[in-house]
Structures are given as C-alpha cells and as structure tokens.
Amino acid sequence: MPVHNSDISEVFNRTADYLDIKGENPFRIRAYRNAARIIGSLSRSVADMVAHEEDLTKIQGIGQDLAGKIKEIVKTGTLPLLEQLKRELSPELSALMEIPGLGPKRVKVLYDEMGIRSVDELRQAAEEGKVRTLPGFGAKTESVILEEIGKIKETKKGGLRLKLAVAEQVVEPLVGYLKKIAGVKEIDVAGSYRRRRETVGDLDILVACGQSCPVMDKFVGYEDVEKTLSRGKTRSSVVFRNGIQVDLRVVPEASYGAALLYFTGSKAHNIAIRKIAQKKKLKINEYGVFRGEKRIAGRTEKDVYKQVGLPWIEPELREDRGEVEAAQEKRLPRLVRLEDIRGDLHVHTTWSDGRSSLEDMAEAAKRLGYEYLAVSDHSKHVTVAHGLDEKRLSQQIKEIDRLNGKLKGLRLLKSIELDILESGSLDLPDRVLEDLDLVICSVHSKFNLSREKQTERIIRAMDNPHVHIFCHPTGRLINERRPYEVDLERVMNAAKERGCHLELNAHPDRLDLDDVECKRAKEIGLKVAIATDAHSLDDLRFMRFGVGQARRGWLEPEDVLNTKSWEELEGFLKRY
DNA sequence: GCCGTTTTCGGCCCGACTGTTTTCAGTCG
C-alpha cells in the first residue's frame, strides 16, 4: 500500500491530538499540525520524494526531526511516537477531540479524573450525570456532549461537508433575504464558499451595517433556522434544517475589508499574512490593520494587503500553498475566469444517456456564448447509458454535419467518450475514430484493480494515437466514492509524453482533478480541459464549479485547453 | 518542533462567545 500525503497528514494530526491532551509544549503541537496541513496540500507525493531521496527539509515547516518522521511513516505506514502515545494513553482517546465542545484540556480532565478512554465510556458517564461534577464542566456541557455523541453516527454515513453546489442553493436565497433588510450596506459569503472549495463545512456570511440595523434578529429568525447555537452583537451561529451551520458576522463599514479577509480565510493564509504584519510592527485583526492603537487600513481587502506590502490575492489561492510568497515576489498567477472559456469539451445528448437533444444542447451552448461544443456521448461498452456502436456513431456524425451546416456561430465537434476496457484497449475501432474531431476516454468499470494495473490500463489507453483527453482521472465522487487506486503522477507524465491532456470534470459531484492535482498537472506542463460532462441543458452551467477548482489549482488561461479558439485548439490536439 | 534582514536562542496570530467562573479558561474559527 502506497503511503499518500493524506496518510502522513493524518498521522501528524493524531500525534498532535495526543500531545495536546498530554499538555505538551503548544508550539511543538503547532509544528505537528502545521506539518499535517502542509503535507496534506502539497502537490507532490511525499512518498515519491522519499523514494527519490529528495531533501524534505526544503519543505517550509519541515525540519530535520519531522523529515525523519516522515521517512518512517512512508516506510512503515505509522510512527513509533504515535504508537507509543496510544499505548500510554488509549488508542481511542483522540476520537474524543472530534466531539464539538471538547478540546484537549477537557479530554485530559475526563481522562485524569474519571479514566474515560473512549466515546462509549464518555456517553455512559454523561448519562449517569457524572460528567457535570468535574471541574470546568456543568450540566449544560454534559447535555451538549450527549447530544453531540448522538450525532456522530448520523454524520459518519452522510459525510459532513456539503458540496459546493448544494451550499449554493442554501446561500442564494439567504443572501437575497438579508440584502433586503434596511441598513445592510454590504454583504458577502466568505469562508471556504468564497474560496470555492469543493465542499463547505459551514457558511460564513459577512455584513456591513450601522449599529441599529436589525440584521442579527432577522438572521436568527430566518425560516430555515432550526436552532441558534450562539447569539451575540457581532456574531451569531445557527443551524439550518438541512444540518448546515451558518455564521453571521456584523462589522462596521470601516472594517469590512479586514473582516472579509479574516472570514474568507483560510486560517493558514491569515496566519501567514499576520506574521508579515508582525514583522512590520503592525497588528491585523478582523477590524483592521493597526499601528499601535491607530487603525491605518480596513475598508477594503486591497487596503489591508497593501499595508503588508502585498497585492490583493484571489480568494481561491488563499490556502498558504505558496500564494503569499508568490505575491511577495510579484509572480501571482492570472487565474482563468469563466469568461475565458470558449467551449465545452464533454457533453452528452439523448443519443446516449443525456436528457436533452443534440440540437437543444447546441442552442444552449450558443446562448452561453461558446464557439464550440464537443458532442461526446458514451461508447457501446457502457450499455446502461445506451452507448453508441460504430453504426450509430456514424449516424450521429452525419447529424452533426447537418447541424453544423445550419448553426451560425457555434461549431459542434464530433467526439466520443470511449470506455477504457480492463486491458486498456478502447471499445471502438480506430477507423471510426479517424472521422472525429476529438476523442476522450474514461474508466467506467473495474475500479478495484491494483494501483499498478489501473495505472497501466490508463496509460495503455493513451497509447492509442487517436486519444486526446483522459476524463475524470481519479473516478472519485465527492462524499460518495473514493478515487480508484492510480499513480496519477505517472499518468500525468505519460500524458505529457504522448501529447495527451487531462480533464478537470466540472460536475459538482466530481470536480476531478482536484485543486492540488490541477496544480501538479500545471507543474508537469500539461494542459487541462475544463468540461462539464453535461447530461442536460442546465448542466452546461456546471462550468463555474470547474473554473473555481481550476483557479484553486493556480490554472491560468494558457493552461486550459478550452480557452483556445477552435483553430488553436486543433493544433493542441495533434499527437506527438 | 520550526525558524532566522531580531540568525543558533527565543520567539511562535488574534478575538468572540459560552459556561462556569467570581475575573476567566476553554473552545472555536
């Protein structure tokens, strides 16, 4: 089993939990958490770096000690320090930290005073009314603990983070409602929603308004609110009926930019910015930038960045993945925008499992201002999708030629989404592929192959000189299906060697490649096709999610295939 | 445990809200 970056990240976070419970030096704990975060969002596989004997201390936040520990984790899958801590305390103890309201200090009290070692033991003690007798605990805390334990099982099966598209459906009416309240001058959805993360844990709404504005009352009284968690003058938290937590923060106009920066995060980005401020003898908080007592900026985000000597940084980049350094060195990417997109390279029609006709899809693409649309229905092996065989594909090609004759301003590209068979061969013969403008291919079956076999299978498919794009490269479905085992780095390098490209599937359930993988593709020098995989007219609008993910992956217009005109694109589709 | 235009020691981001406090610790973001 290869050790992934996320595995290393997990080991470090667990270790930090235990050190935290033991009351170790908080800065040592921070170093572990910091390392967990950095490794988790690194675009290179650390296991690969170890295999190539690269110097891990080159990674910011990793010193001699952690570099050694990473090597141990890569070799053995675990860390002796963590195993020892688990033995010393209890293997299930860190699970207690997952319960909201319980941090290291309280877990330590539970352990020291009552010998509580697991969630089950905690539940029992709470049910017997013993927890409330502990120092720092009370009846309220005890009932909250019981309530949260009850929720653990529900959330585990559902997946706690909401997909961005689902969050959008909640947010838009809420923002519409809040905007109408008299006195509200500015409103933004901040947090991971603004950073366009693929999922959001909660929603952070920021409002600028005067002191007498009733926005807080109106917010907790909103029709979707099921429960109010906290209610203050400047901050309130509620839970909506669908389970999502929504926080509202109210600030004066003069602080709006500082607050927007603060609440957009990420936390790691904010820390990086504040550290720079500190060196300049400045203090940044959600109310502004301060020199001593005096506020010197805060009205806009741009003002705040300017005070620390930085240009404004796009929200999608704010993950402390190198954007702060890039800003300092004036080499921030000029991120791709939705307006740069000139066409969609992966859509389905009623010829296979799409719900809209070829002609309707073409008209919808025209309305979006696209110059081209690739009609890429499934091939025959995907029988459930009514995939096209050779004969029906030839018929569709004729139909596309006919439509292209009468469509003005939009070119339909003759395409197909070929199924990659287990052997790596494709399920239509080369002679029909020659008549197509674009050939894309995907894995739709046999997700359980070994990493080696899956990787070989995909690379073999790209060996076929007619193939242009490998679609939804990891096969994952957000919150539903893990990626299949595949050496994506090898696939990327193989694609690069062959003049193939990778898709960033813009469907909000997929967003596959993810942000980190996009960044890696760019570093390798691959072009990415942002495509919707639309099965209906509405789905064509998924492009915004794909562009958001691409922006998180630092992609610029030149990194994206479908920002090109058809003439340019044709050139990129020539195989080496 | 990491890091360095404060460079091998001595620092390490900042504030709101809650509950259990009698002046604040713990947790969260």
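Below, chains carry the letters A, B, ... as their sequence lines are ordered, and counting in each starts from 1.
The existence of a salt bridge linking A/K163 and A/E480 is confirmed by a sub-4.0 Å separation between a basic side-chain nitrogen and an acidic carboxylate oxygen. The existence of a salt bridge linking A/R197 and A/E319 is excluded, since no basic side-chain nitrogen approaches an acidic carboxylate oxygen closer than 4.0 Å. The existence of a salt bridge linking A/R44 and A/E523 is excluded, since no basic side-chain nitrogen approaches an acidic carboxylate oxygen closer than 4.0 Å.
Applying the salt bridge (charged side-chain N to carboxylate O under 4.0 Å, His left out) test to residues at least two apart or on different chains, the pairs with a partner in residues 236-265 of chain A are A/K185-A/E253, A/D224-A/R241, A/R249-A/E286, A/E253-A/R299. Residue pairs that meet the ring pair (Phe, Tyr, Trp, His ring centres under 6.0 Å) test with at least one member in residues 207-243 of chain A, sequence neighbours left out, are A/Y177-A/Y222, A/Y222-A/F240. Evaluation of the side chain to side chain donor-acceptor pair (under 3.5 Å) test over residues 95-110 of chain A, restricted to residues two or more places apart or in two chains, returns A/R14-A/E98, A/K108-A/D112. Under the ring pair (Phe, Tyr, Trp, His ring centres under 6.0 Å) criterion, no residue pair touches residues 38-84 of chain A, with sequence neighbours excluded.
If you measure from atom CG of A/D17 to atom P of B/dC28, you get 12 Å, rounded to the nearest angstrom. Rounded to whole angstrom, the span from the CG atom of A/D65 across to the C1' atom of B/dC2 amounts to 10 Å. Following rounding to the nearest Å, A/I99 (CD1) and B/dC28 (P) show an atom-to-atom distance of 11 Å. The distance between atom NZ of A/K275 and atom P of B/dG10, rounded to the nearest whole Å, is 20 Å. Taking atom CG of residue A/L282 and atom P of nucleotide B/dC14, one finds them 11 Å apart after rounding to whole Å. A/I38 has its CD1 atom 12 Å from the C1' atom of B/dG1, to the nearest Å. Taking atom CZ of A/R161 as the reference point, atom P of B/dG29 lies 11 Å away to the nearest angstrom. The interatomic distance linking A/L248 (CG) with B/dC28 (C1') rounds to 17 Å, in whole Å.
Taking only side-chain atoms of A/D202, from C-beta outward, the nucleotide of B/dC2, B/dG29, B/dT6 with the closest atom is B/dG29. Side-chain proximity of A/P100 to the nucleotides B/dC28, B/dG29, B/dG15 is greatest for B/dC28. For A/Y262, counting side-chain heavy atoms from C-beta on, the closest listed nucleotide (B/dG4, B/dG29, B/dG15) is B/dG29. Ranking B/dC14, B/dC3, B/dG1 by closeness to the A/Q278 side chain, first place goes to B/dC14.
Straight-line distance between the C1' atoms of B/dC12 and B/dT6: roughly 13 Å, to the nearest whole Å. Taking the P atom of each, B/dT27 and B/dT21 are spaced 15 Å apart, rounded to whole Å. Taking the P atoms as reference points, B/dC14 lies 26 Å from B/dC9, given to the whole Å. Taking atom P in both B/dG10 and B/dG15, one finds a spacing of 26 Å when rounded to whole Å. Here the separation of B/dT18 from B/dT23, taken at their C1' atoms, is 15 Å to the nearest Å. Using P as the reference atom, B/dG4 and B/dT8 are 13 Å apart when rounded to the nearest Å. When the C1' atom is used for both B/dG11 and B/dA16, the distance is 26 Å, rounded to whole Å.
Among the heavy atoms of the strands lying under 4.0 Å from A/I62 are primed sugar atoms or P, OP1, OP2 only; no base atom is included. Among the heavy atoms of the strands lying under 4.0 Å from A/L66 are primed sugar atoms or P, OP1, OP2 only; no base atom is included. Residue A/K69 is classed as a sugar-phosphate contact, given heavy-atom separations below 4.0 Å to backbone atoms only. Among the atoms of the strands shown, base atoms are found under 4.0 Å from some heavy atom of A/N25.
Each of A/K279 and A/M97 was assigned the nucleotide of DNA chain B with the nearest heavy atom; the assignment lying further toward the 5' end belongs to A/K279. Heavy-atom distances to DNA chain B give each of A/F263 and A/Y32 a nearest nucleotide, and the one nearer the 5′ end belongs to A/Y32.
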List the protein contact pattern of nucleotides 16-26 of chain B with one symbol per nucleotide (5' to 3'): B for base contact, S for sugar-phosphate-only contact, - for none; contact means a heavy-atom distance under 4.0 Å. BSSSS-----S

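A/K69 is linked by a salt bridge (Lys or Arg N to Asp or Glu O under 4.0 Å) to A/D65, counting only residues two or more places apart in sequence or in another chain.
Annotation: side chain of A/E72 is not in contact with side chain of A/L81 (no heavy-atom distance under 4.5 Å).
Taking a pair to require two hydrogen-bonding distances under 3.5 Å in either a Watson-Crick or a G-U wobble arrangement, B/dT8 remains unpaired.
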